[in-house]
There are 2 protein chains.
Amino acid sequence: MPSLTYAEENYLKAIYHLSDGGKNNVSTNDLSKEMKTKPASVSDMLRKLSEKEVINYRKYYGVTITEEGKKSALQIIRKHRLWEVFLVEKLMFSWDEVHDVAEELEHIKSPILIQRLDDFLGNPKYDPHGDPIPDEFGDVKARPRLPLNELMVNDGGQIVAVKDSSAAFLRYLDKVGAYIGARIKVLDKVEFDGSLEILVDNKKTLFMSKDVAGNILIMQTS
Amino acid sequence: MPSLTYAEENYLKAIYHLSDGGKNNVSTNDLSKEMKTKPASVSDMLRKLSEKEVINYRKYYGVTITEEGKKSALQIIRKHRLWEVFLVEKLMFSWDEVHDVAEELEHIKSPILIQRLDDFLGNPKYDPHGDPIPDEFGDVKARPRLPLNELMVNDGGQIVAVKDSSAAFLRYLDKVGAYIGARIKVLDKVEFDGSLEILVDNKKTLFMSKDVAGNILIMQTS
DNA sequence: ATATTTTTTTAGTATAATCTAAATCACTAT
DNA sequence: ATAGTGATTTAGATTATACTAAAAAAATAT
Ligand SMILES: [Mn+2]
Ligand SMILES: [Mn+2]
Ligand SMILES: [Mn+2]
Ligand SMILES: [Mn+2]
């Protein structure tokens with residue numbers, strides 16, 4: 001694995017996520033938006049990442065991630081998610097407070113550290129947002145899951161993850177009781193704007209916009 | 001407190017240590033040696049640190065640390081030592097493995113993180129090398145201590161800290177059973193080279209060079 | 001098929017942290 | 001008092017990451 005700088009690691013992770021794990025091509029503008037840097041800066045970085053052979057770069061046509069790149073990205077993601085577990089399980093952070101800190105901690109370079117952290121945490125399989133934690137070889141146990149807004153009326157399931165890890169969104173979910181593991185059922189869908197009426201844990205009903213529902217990921221059971 | 005870069009934090013910490021907590025003047029060459037950078041690079045950095053008012057810099061005459069600088073340095077040292085405790089107490093690192101990792105972790109910027117880490121660890125007062133951990137206000141409880149080579153024959157005490165935290169030195173101490181807390185007594189001193197014969201825990205006798213003894217810090221009891 | 005718009009790259013600049021080589025200052029020893 | 005030595009600073013270059021402005025390529029619309 002090539003050694004990557006802090007900035008290179010952040011770009012590579014963004015490419016991995018934007019390409020949906022390497023499946024799609026990623027454009028300069030998409031990366032620019034994601035990284036909050038100008039397209040010119042992205043072009044520059046793509047040249048560097050391409051020289052380190054973690055991406056395939058065809059000028060003007062965007063990038064795909066290489067096998068090597070995928071491995072590197074997955075190790076960074078592994079570290080990010082393990083640190084998030086640590087912060088929530090051990091340091092009593094709430095799930096909306098961990099992202100930015102993990103964004104820094106993920107760059108600490110020490111294989112022994114991450115292996116022992118993993119053991120200390122009891123080798124967790126999912127992070128506080130329900131995302132799977134890659135193992136030391138980069139293998140990910142993906143659970144089948146789909147956005148809540150894609151369920152039909154009367155469909156039910158369990159919340160297994162969230163797409164958006166921003167503090168604002170997670171605090172809203174806390175407020176309405178939509179934690180990970182909650183059982184939900186779609187009671188009604190409004191044709192006009194796609195908003196939903198949801199039954200949570202067979203107790204509370206709750207209305208949410210299509211936008212919100214699109215960021216809640218469900219493991220369907222019926 | 002001014003915001004400092006990663007490199008600036010490392011220089012400031014080195015200045016704090018080389019000046020013995022702000023007591024002495026530090027020269028460009030001393031810093032150059034400590035930081036493993038060229039004197040020219042040090043001069044450059046001193047200008048920057050001086051602009052941020054964490055040091056007093058008189059060209060050609062070295063630097064002293066300001067009150068602001070001392071506060072910043074102590075916060076970095078606090079983080080470094082708390083992380084070292086975490087690594088040893090929670091992640092089962094040995095005391096010779098923690099320094100380099102803590103050197104990275106100390107730069108993570110999150111007040112809430114360090115406060116909660118402190119609580120999680122039970123607000124420890126000393127790090128694995130016996131060094132005191134500054135509190136959130138930068139107050140340090142210094143224990144009186146002196147290098148083992150300065151004891152007289154028949155003087156006794158307890159090992160409370162080590163000056164050198166290098167893996168090589170610490171592994172040597174492990175091998176001879178000179179851990180922190182061990183009770184020692186000076187049985188003999190060789191006039192010629194200053195080497196010592198030591199009784200450890202009233203059990204084992206052990207010979208060590210003046211150089212080694214100078215890096216072991218003792219709380220004297222007799 | 002051509003013109004317009006959008007996307008992307010290139011060129012040139014800036015800041016941070018490092019280096020080497022050259023210049024300058026301070027201290028020491030005659 | 002001055003020459004020499006060593007320490008320190010300055011000048012100029014390099015690498016990494018970012019920026020703005022301009023040029024070029026690709027995509028879209030007429
Ligand atoms: Mn990051
Ligand atoms: Mn997460
Ligand atoms: Mn450091
Ligand atoms: Mn220590």
Side-chain angles (χ1 to χ4, degrees), chain A residues 1-15 18-19 24-65 69 72-73 76 103-104 106-109, chain B residues 1-16 18-19 24-65 69 72-73 76 100 103-104 106-109:
Chain A
M1 280 207 253
S3 111
L4 300 175
T5 66
Y6 191 109
E8 286 168 347
E9 288 193 347
N10 283 334
Y11 272 95
L12 188 62
K13 194 157 61 94
I15 293 167
L18 289 176
S19 69
N24 313 314
N25 207 280
V26 180
S27 77
T28 299
N29 262 3
D30 286 353
L31 266 170
S32 163
K33 204 170 291 169
E34 178 75 13
M35 299 300 296
K36 299 175 197 331
T37 55
K38 301 292 157 182
S41 311
V42 173
S43 287
D44 229 57
M45 184 55 88
L46 293 182
R47 192 182 39 68
K48 285 188 224 163
L49 289 175
S50 167
E51 274 163 18
K52 294 196 175 175
E53 299 186 335
V54 290
I55 60 170
N56 301 116
Y57 178 33
R58 255 189 72 209
K59 270 180 196 173
Y60 294 103
Y61 290 91
V63 297
T64 57
I65 195 162
S72 296
I76 304 162
E103 205 57 46
E104 290 194 56
E106 70 189 358
H107 303 289
I108 305 286
K109 283 171 182 47
Chain B
M1 281 207 254
S3 111
L4 301 174
T5 66
Y6 190 109
E8 285 168 347
E9 286 193 348
N10 283 334
Y11 272 94
L12 188 62
K13 195 158 62 92
I15 292 167
Y16 180 89
L18 290 176
S19 69
N24 313 315
N25 206 279
V26 180
S27 75
T28 299
N29 261 4
D30 287 353
L31 267 169
S32 164
K33 203 169 295 170
E34 177 77 12
M35 300 300 296
K36 299 176 195 332
T37 56
K38 300 292 157 181
S41 311
V42 173
S43 286
D44 229 57
M45 183 55 87
L46 292 181
R47 193 184 38 69
K48 286 187 224 160
L49 289 174
S50 167
E51 273 163 20
K52 295 197 175 175
E53 299 185 338
V54 291
I55 61 170
N56 301 116
Y57 178 34
R58 257 188 71 208
K59 268 179 197 172
Y60 295 102
Y61 290 91
V63 298
T64 57
I65 195 162
S72 295
I76 304 162
D100 294 343
E103 205 57 46
E104 289 194 55
E106 71 188 358
H107 303 289
I108 305 285
K109 283 172 181 45

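Just so it is clear: chains get the letters A, B, ... in the order the sequence lines come, proteins before strands, and each one is counted from 1.
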Let me know, please, whether A/Lys38 or B/Tyr60 comes out on the 5' side of the other along DNA chain D by nearest nucleotide. B/Tyr60

Taking NZ from B/Lys52 and C1' from C/dT15, how many angstroms apart are they, rounded to a whole number? 11 Å

Shortest non-hydrogen contact from A/Pro39 toward A/Thr28: O-CG2, 3.7 Å

What is the distance, rounded to the nearest whole Å, between atom CD of B/Glu8 and atom P of C/dA16? 8 Å

Heavy atoms of chain A, cut-off under 4.0 Å: which first and last nucleotide of DNA chain D, 5' to 3', fall inside that, if you could look? D/dA16 to D/dA26

Exam field: side chain A/Ser32 to backbone A/Thr37, donor-acceptor pair closer than 3.5 Å: yes

Whole-Å distance, B/Leu49 CG to C/dA16 C1', equals 12 Å

Protein-nucleotide distance (A/Tyr6, atom OH; C/dA16, atom P), rounded to Å: 17 Å

Mind checking whether B/Asn10 and B/Ile76 have side chains closer than 4.5 Å, heavy atoms only? no

A/Ser43 vs C/dT9: side-chain N/O to OP1/OP2 distance below 4.0 Å: yes

B/Asn10 has an atom CG; how far is it from atom P of C/dA16, in whole Å? 17 Å

Between A/Thr5 and A/Ala40, who's closer to the 5' end of DNA chain D by nearest nucleotide? A/Thr5

Phosphate OP1/OP2 of C/dA17 contacted by B/Lys48 side-chain N/O (<4.0 Å): yes

At under 4.0 Å, does any side-chain N or O of A/Thr28 touch on OP1 or OP2 of C/dT9? yes

Starting from P on C/dC19, measure out to NZ on B/Lys36 and report it in whole angstrom. 12 Å

Salt bridge between B/Lys13 and B/Glu9, side-chain N to carboxylate O under 4.0 Å? no

Side-chain N or O of B/Ser41 versus OP1/OP2 of C/dC19: is the shortest distance under 4.0 Å? yes

Does A/Asn29 place a side-chain N or O at less than 4.0 Å from the phosphate oxygens OP1/OP2 of C/dT8? yes

Without decimals, in angstroms, what is the distance between A/Arg58 CZ and C/dT9 P? 11 Å

Distance in angstrom units between B/Leu46 CG and C/dA17 P, rounded: 13 Å

For B/Ser3, does its backbone N or O pair with a side-chain atom of B/Lys52 as donor and acceptor, under 3.5 Å? yes

Does B/Val42 reach the side chain of B/Tyr11, with side-chain heavy atoms less than 4.5 Å apart? yes

Any salt bridge between B/Lys33 and B/Asp30, counting N to O under 4.0 Å? no

